[in-house]
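Shown next, in structure tokens, is the structure this report addresses.
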Amino acid sequence: MGSSWPSRERKALMLDPKRIREDADGVKAGARKKRIPVETLVDRFLELDEKRRALGFERDEQKAKQNRAGKDMARLQGEEREKLRKAMAEVSARAKSLENELSAIETEIQVLLLRIPNVPDPEVPEGETDRDNVEILRVGEPRKFDFQPKDHIQLGESLDLVDFPRAAKLAGSRTYILKNEGALLELAVLHYTLDAVVKKGFTPMIVPTLVRREPLVGTAYFPGGEEQAYTCEKDELFLVGTSEVPVTAFHSDEILDEAELPKLYAGYSTCYRREAGAAGKDTKGLYRIHQFNKVEQVVICRGDEAESRRMHQFILSNAEAILQGLQLPYRVVNVCGGDLGAPQIQKFDIETWMPSRGGYGETHSASRFYDYQARRLNLRYRDSNGKVRFCHTLNNTAIASPRILIAILENYQQADGSVTIPEVLRPYLGGRSEIRRKK
RNA sequence: GGAGAGGUGGCUGAGUGGCCGAAAGCGCCGCAUUGCUAAUGCGGUGUAUGGGCAAAACCUGUACCUCGGGUUCGAAUCCCGACCUCUCCGCCA
């Protein structure tokens with residue numbers, strides 16, 4: 001696939017090649033922590049990297065010879081000229097064959113680099129799956145019901161907020177239709193969230209959800225995540241699973257000024273996920289669905305670890321503030337190595353209390369990448385010394401709906417089957433305070 | 001969908017085979033000058049990668065004029081292909 005990758009992708013790196021060269025063991029150990037096997041990839045890279053430099057040196061020498069001769073050719077006449085021409089024909093052929101050899105090696109190196117994962121932070125706990133994630137914070141008390149609480153499906157259907165059977169008729173599994181206050185509630189919670197992050201300084205952006213391949217490679221969803229994305233083959237376009245993709249890629253191939261950093265963007269978009277490989281998991285209701293809407297915080301900041309950590313805390317606290325505003329109980333977990341994606345340095349998930357699960361369900365995910373995505377996106381800035389450096393990127397959910405509606409409906413339900421509307425959402429619903437079955 | 005035009009540095013825009021990493025202007029930086037501002041003069045001002053080197057500075061090789069391929073001793077310049085952008089017409093939320 002992809003007969004016409006632009007040069008940006010060709011050059012796309014992931015980890016700094018220098019770093020792999022100098023700390024191959026560290027890179028391997030990092031991948032091991034993520035349970036991603038890369039030993040042979042790294043070794044192969046080191047081997048090719050060595051070769052590349054040797055060949056490159058020789059190639060440059062031939063080229064230099066060529067360039068010097070070119071200047072003489074312009075002056076010389078007759079026999080002398082002819083003699084030089086013949087000599088240069090050989091040099092030229094030599095340079096060309098080196099060039100071919102080299103470009104084969106470079107192509108292979110690129111493929112390898114795209115597959116070597118980012119090295120996780122030492123703070124990332126060891127572990128295999130999400131069960132090994134470490135809770136670091138718990139906020140709010142799960143509500144104790146003095147009646148038999150319903151789950152969001154029962155609530156949604158009895159209040160006529162959702163329609164699953166007809167959604168299945170139209171669009172198959174893992175789909176839903178929101179109607180009445182269900183539709184309004186979704187818009188309200190998205191709008192409330194967007195307003196909240198804009199107040200924190202984020203620039204709201206409504207972005208394309210159907211994108212080219214490059215932003216997906218740049219944000220490191222590809223290669224590897226192809227199965228998770230809906231594809232429009234005729235147009236070679238892909239539906240994004242999150243606005244992180246178009247928003248983080250927004251400044252790709254640019255050199256920003258340090259003074260304009262950090263860039264804070266709030267991407268709003270519909271998100272599409274095939275949920276391949278999740279067969280049989282969370283098949284009912286609004287939890288795991290193919291299409292949803294999300295407000296996403298995206299940060300592009302200086303290539304500085306301390307700054308990146310600060311920003312990580314910042315976006316995490318913004319998401320927490322949104323849940324606190326909704327008065328939903330949640331906890332924050334430090335995601336373990338095995339549950340971490342290839343590009344991430346560290347990830348905190350926020351899980352919101354969902355009574356029907358009898359536990360917390362993931363609703364937010366805050367990641368930092370250092371320069372991993374920025375390298376792939378060729379996203380740079382000029383620092384105060386005039387030096388060009390790669391940015392760092394981060395992102396975090398602000399709200400994703402309708403998943404969050406599960407928590408709202410279930411936590412706010414009343415004994416009589418009605419649902420109280422969270423106070424912060426009421427201004428977005430014409431001041432209404434409850435959802436009640438119509439006669 | 002039909003018909004055209006075009007892709008050059010931060011921007012505008014020259015350049016039709018070698019002396020072109022690329023004129024000129026704008027912008028930006030430095031210096032000079034001027035009560036301030038403005039104006040003017042001079043100089044500088046891309047990125048990547050390799051070498052000199054322990055490193056910064058600096059020097060230096062190579063590559064890059066959308067991308068890929070071809071012709072040629074030599075390509076921004078000629079040929080082929082792809083991608084992208086724009087204009088007009090049609091259709092359309």
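Order of the sequence lines sets the chain letters (A, B, ...), proteins ahead of strands, with each chain counted from 1. Note that these values count all heavy atoms, side chains included, but never hydrogens, waters or copies made by symmetry.
- When the C1' atom is used for both A55(B) and A76(B), the distance is 38 Å, rounded to whole Å.
- Here, G74(B) and G18(B) have their C1' atoms 6 Å apart, quoted to the whole Å.
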Compile the donor-acceptor pairs under 3.5 Å between side chains in residues 341-348 of chain A and protein atoms, sequence neighbours left out, one pair per line.
from      : atom 1 : to        : atom 2 : distance (Å)
Gln344(A) : OE1    : Gly341(A) : N      : 2.8
Gln346(A) : OE1    : Arg368(A) : NH1    : 2.5
Gln346(A) : NE2    : Glu123(A) : OE1    : 3.1
Gln346(A) : NE2    : Asn334(A) : OD1    : 3.4

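- For residues 168-189 of chain A, every residue pair satisfying the salt bridge (charged side-chain N to carboxylate O under 4.0 Å, His left out) rule, not counting sequence neighbours, is listed here: Asp160(A)-Lys179(A), Glu181(A)-Arg432(A), Glu181(A)-Lys438(A).
- Nucleotides C67(B) and G25(B) are separated by 29 Å at their C1' atoms, to the nearest Å.
- Between the CZ atom of Arg52(A) and the P atom of G50(B) there is a distance of 7 Å, given to the nearest Å.
- Atom CG of Leu102(A) and atom C1' of U62(B) are 11 Å apart (whole Å).
- Of the candidates Arg213(A), Glu244(A), Glu226(A), Gln228(A), Tyr221(A) forms a side chain to side chain donor-acceptor pair (under 3.5 Å) with just one, namely Glu244(A).
- Protein atom CZ of Arg53(A) is 20 Å distant from nucleotide atom P of U62(B), rounded to whole Å.
- Taking every side-chain heavy atom of Arg212(A) into account, C84(B) is the closest of U62(B), C84(B), G18(B).
- The nearest whole Å value for the distance from the NZ atom in Lys83(A) to the C1' atom in C73(B) is 15 Å.
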Please tabulate the protein-to-nucleotide N/O contacts below 3.5 Å involving nucleotides 63-65 of chain B, giving atom names and distances.
from   : atom 1 : to       : atom 2 : distance (Å)
A63(B) : OP2    : Asn67(A) : ND2    : 3.3

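- Partners of Arg81(A) by salt bridge (Lys or Arg N to Asp or Glu O under 4.0 Å), not counting sequence neighbours: none found.
- When the C1' atom is compared between A39(B) and U16(B), the two are found 40 Å apart, to the nearest whole Å.
- In RNA chain B, runs of at least 3 consecutive Watson-Crick or G-U pairs, each pair with both distances below 3.5 Å, span B:1-7 with B:83-89, B:10-12 with B:24-26, B:27-32 with B:40-45, B:46-52 with B:58-64, B:66-70 with B:78-82.
- Leu98(A) has its CG atom 17 Å from the P atom of G50(B), to the nearest Å.
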Pairs under 3.5 Å (N/O, protein and nucleotides 45-47 of chain B):
from   : atom 1 : to        : atom 2 : distance (Å)
U47(B) : OP1    : Arg382(A) : NH1    : 3.0
U47(B) : O3'    : Arg380(A) : NH1    : 3.1

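- Nucleotides C26(B) and U40(B), compared at atom P, are 8 Å apart to the nearest Å.
- Distance CD (Glu61(A)) to C1' (G51(B)): 10 Å, rounded to an integer number of Å.
- At the heavy-atom level, Ala69(A) lies nowhere under 4.0 Å from the strands shown.
- For the pair Glu99(A) and Lys96(A), the salt-bridge criterion is not met [side-chain N within less than 4.0 Å of a carboxylate O].
- In terms of the salt bridge (Lys or Arg N to Asp or Glu O under 4.0 Å) criterion, Glu61(A) has no residue partners (sequence neighbours excluded).
- Annotation: salt bridge (Lys or Arg N to Asp or Glu O under 4.0 Å) contacts of Arg212(A) (sequence neighbours excluded): none.
- The CZ atom of Arg375(A) sits 11 Å away from the P atom of A48(B) (whole-angstrom rounding).
- Under the salt bridge (Lys or Arg N to Asp or Glu O under 4.0 Å) criterion, Arg85(A) pairs with Glu82(A), not counting sequence neighbours.
- U47(B) sits 15 Å from A22(B) when the C1' atoms are compared, rounded to a whole Å.
- Judged as a ring pair (Phe, Tyr, Trp, His ring centres under 6.0 Å), the pairs with a partner in residues 162-191 of chain A (not counting sequence neighbours) are, in order, His191(A)-Tyr428(A).
- Here the nucleotide nearest the side chain of Arg85(A), chosen from U85(B), C73(B), U62(B), is C73(B).
- With sequence neighbours left out, Glu307(A) forms a side chain to side chain contact (heavy atoms under 4.5 Å, CB included) with Pro262(A), Cys301(A), Arg302(A), Asp304(A), Arg310(A), Met311(A).
- Ranking G61(B), G50(B), C73(B) by closeness to the Met88(A) side chain, first place goes to C73(B).
- The side-chain heavy atoms of Lys83(A) and Glu80(A), taken from C-beta on, include no pair separated by under 4.5 Å.
- Looking at the side chain of Lys96(A), the nearest of the listed nucleotides G70(B), U62(B), C19(B) is G70(B).
- When the nucleotides G18(B), G61(B), G50(B) are ranked by their closest atom to the side chain of Arg81(A), G18(B) comes out on top.
- Of the C1' atoms belonging to U66(B) and U77(B), the separation is 16 Å, rounded to the nearest Å.
- Arg68(A) comes within 4.0 angstrom of no nucleic acid atom, judged by non-hydrogen atoms across all strands.
- Residue Glu58(A) contributes atom CD, which lies 15 Å from atom P of U62(B) at whole-angstrom precision.
- U85(B) sits 40 Å from C42(B) when the C1' atoms are compared, rounded to a whole Å.
- Checked against the 6.0 Å centroid threshold, Tyr370(A) and Phe390(A) do not count as a close aromatic pair.
- Looking only at atom types and distance, the side chain of Thr242(A) has a donor-acceptor partner in the side chain of Lys294(A) under 3.5 Å away.
- The ring-ring contact (aromatic ring centres under 6.0 Å, His included) check on Phe250(A) picks up Tyr265(A), with sequence neighbours excluded.
- Comparing Ser92(A) and Gly70(A) along RNA chain B, the residue whose closest nucleotide (by nearest heavy atom) sits nearer the 5' end is Gly70(A).
- Within the nucleic acid shown, Lys387(A) has no heavy atom closer than 4.0 Å to any nucleic acid atom.
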